[in-house]
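Bear in mind the structure is a predicted one, so any value in this text is a computation, not a measurement.
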Amino acid sequence: MIRSNEIGATILRVFLGITFFVHGLAKFQGGIANTAGFFESLGFPGFSAYVVALIELIGGIALILGIGTRIVSILFVLILAVATVKVKLTAGFLGNGQMAGYELDLALLVISLYLAAINKSFLALDNLLFRSKDA
């Protein structure tokens, strides 16, 4: 029997997956070299832009399908925490007129934490691959 919290978790999982997939795709379509330059301006090595973009792209697809939800969600938490502290925190919660604030990043971080903590969601391939006695 499907519980309402599993349906809610599925909606959050698919939403988060689509959001990160689109962000990862945009990094490649907009010129990953530009993103690498931005990362370097923040003090990160340029190759980390490729790593983050691939995690967003592949992780987004994985979340949509419901594969490795906990692992991907934890990776998203790390990405969002670093982005918030290194880029958005100085702009404030709602932004400063020149840059968006960290409210969206914080919301996505909370969704990621929730998905990392829950047992399962409806229509996830993890349910087929890793069946438990509780399922």
Side-chain angles (χ1 to χ4, degrees):
M1 184 167 147
I2 302 166
R3 293 182 224 136
S4 62
N5 63 333
E6 289 179 29
I7 294 171
T10 301
I11 292 168
L12 291 174
R13 178 177 51 81
V14 172
F15 168 76
L16 190 68
I18 291 169
T19 301
F20 271 96
F21 174 78
V22 169
H23 276 89
L25 188 62
K27 283 178 177 62
F28 285 109
Q29 288 179 332
I32 192 70
N34 295 332
T35 305
F38 176 67
F39 275 52
E40 288 173 348
S41 76
L42 296 172
F44 296 110
F47 77 87
S48 61
Y50 292 88
V51 173
V52 168
L54 283 172
I55 290 171
E56 290 177 349
L57 194 67
I58 296 167
I61 293 169
L63 275 190
I64 292 166
L65 297 174
I67 302 171
T69 301
R70 284 184 171 166
I71 295 167
V72 172
S73 295
I74 291 168
L75 291 173
F76 287 171
V77 166
L78 295 173
I79 290 170
L80 290 161
V82 171
T84 300
V85 171
K86 281 295 264 185
V87 180
K88 303 267 185 104
L89 201 59
T90 57
F93 187 74
L94 295 176
N96 59 12
Q98 297 175 347
M99 176 194 278
Y102 60 87
E103 74 280 1
L104 177 60
D105 300 76
L106 187 60
L108 295 174
L109 188 142
V110 170
I111 293 170
S112 298
L113 282 172
Y114 175 75
L115 292 174
I118 64 168
N119 188 26
K120 66 179 188 171
S121 64
F122 181 61
L123 296 176
L125 289 179
D126 280 342
N127 296 335
L128 294 175
L129 299 173
F130 307 106
R131 290 184 185 237
S132 66
K133 294 177 185 177
D134 298 334

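Not a single donor-acceptor pair under 3.5 Å links the side chain of Lys88 to the backbone N or O of Asp105. Arg13 contributes a side-chain N or O that, together with a main-chain N or O of Ile64, makes up a donor-acceptor pair within less than 3.5 Å.
In terms of hydrophobic clustering, with Ile, Leu, Val, Met, Phe, Trp and Tyr side chains grouped at heavy-atom distances under 4.5 Å, Leu104 and Leu16 are assigned to a common cluster. Ile61 and Ile55 are not part of a single hydrophobic cluster, where members link through side-chain heavy atoms under 4.5 Å apart. Residues Leu25 and Leu54 share a hydrophobic cluster, clusters being chains of Ile/Leu/Val/Met/Phe/Trp/Tyr side chains in contact below 4.5 Å. Both Val72 and Ile79 are assigned to one and the same hydrophobic cluster, defined by single-linkage of ILVMFWY side chains at heavy-atom distances under 4.5 Å. The hydrophobic cluster containing Val82 also contains Leu42, counting ILVMFWY residues as joined when their side-chain heavy atoms lie under 4.5 angstrom apart, directly or transitively.
With a 4.5 Å cut-off on side-chain heavy atoms, Leu108 and Phe15 count as touching. A heavy-atom distance below 4.5 Å is not found between the side chains of Thr84 and Leu106. Looking at Leu63 and Phe20, their side chains never come closer than 4.5 Å, going by heavy atoms from C-beta outward. Within the 4.5 Å cutoff, side-chain heavy atoms of Val52 are placed close to those of Lys27.
Considering all non-hydrogen atoms of both residues, Tyr50 and Ala36 come closest at CE1-CB, 4.3 Å. Between Ser73 and Ser112, the closest heavy-atom pair is CB-O, 3.3 Å. Across all their heavy atoms, Val87 and Met99 have their closest contact at O-SD, 3.5 Å. Of all the heavy atoms in Phe76 and Gly60, the pair that sits closest is CZ-N, 3.8 Å. Scanning all heavy atoms of the two residues, the minimum distance from Ala53 to Phe28 falls at CB-CE1, 3.6 Å. Nearest heavy-atom pair, Phe38 versus Ser41, reported as atom, atom and distance to 0.1 Å: O-OG, 2.6 Å.
Ring geometry, Phe93 versus Tyr102: the interplanar angle exceeds 60°, so the pair is classed perpendicular (tilted spans 30 to 60°).
Taking CG of Leu125 as the reference point, atom CD1 of Ile67 lies at 4.5 Å (rounded to 0.5 Å). The distance from atom CG of Leu12 to atom OG1 of Thr19, rounded to the nearest 0.5 Å, is 10.5 Å. Note: Thr10 OG1 to Leu123 CG = 6.0 Å, rounded to the nearest 0.5 Å.
Around the CG atom of Leu78, the shell of radius 6.0 Å holds more than 12 heavy atoms that belong to other residues, nucleotides or ligands.
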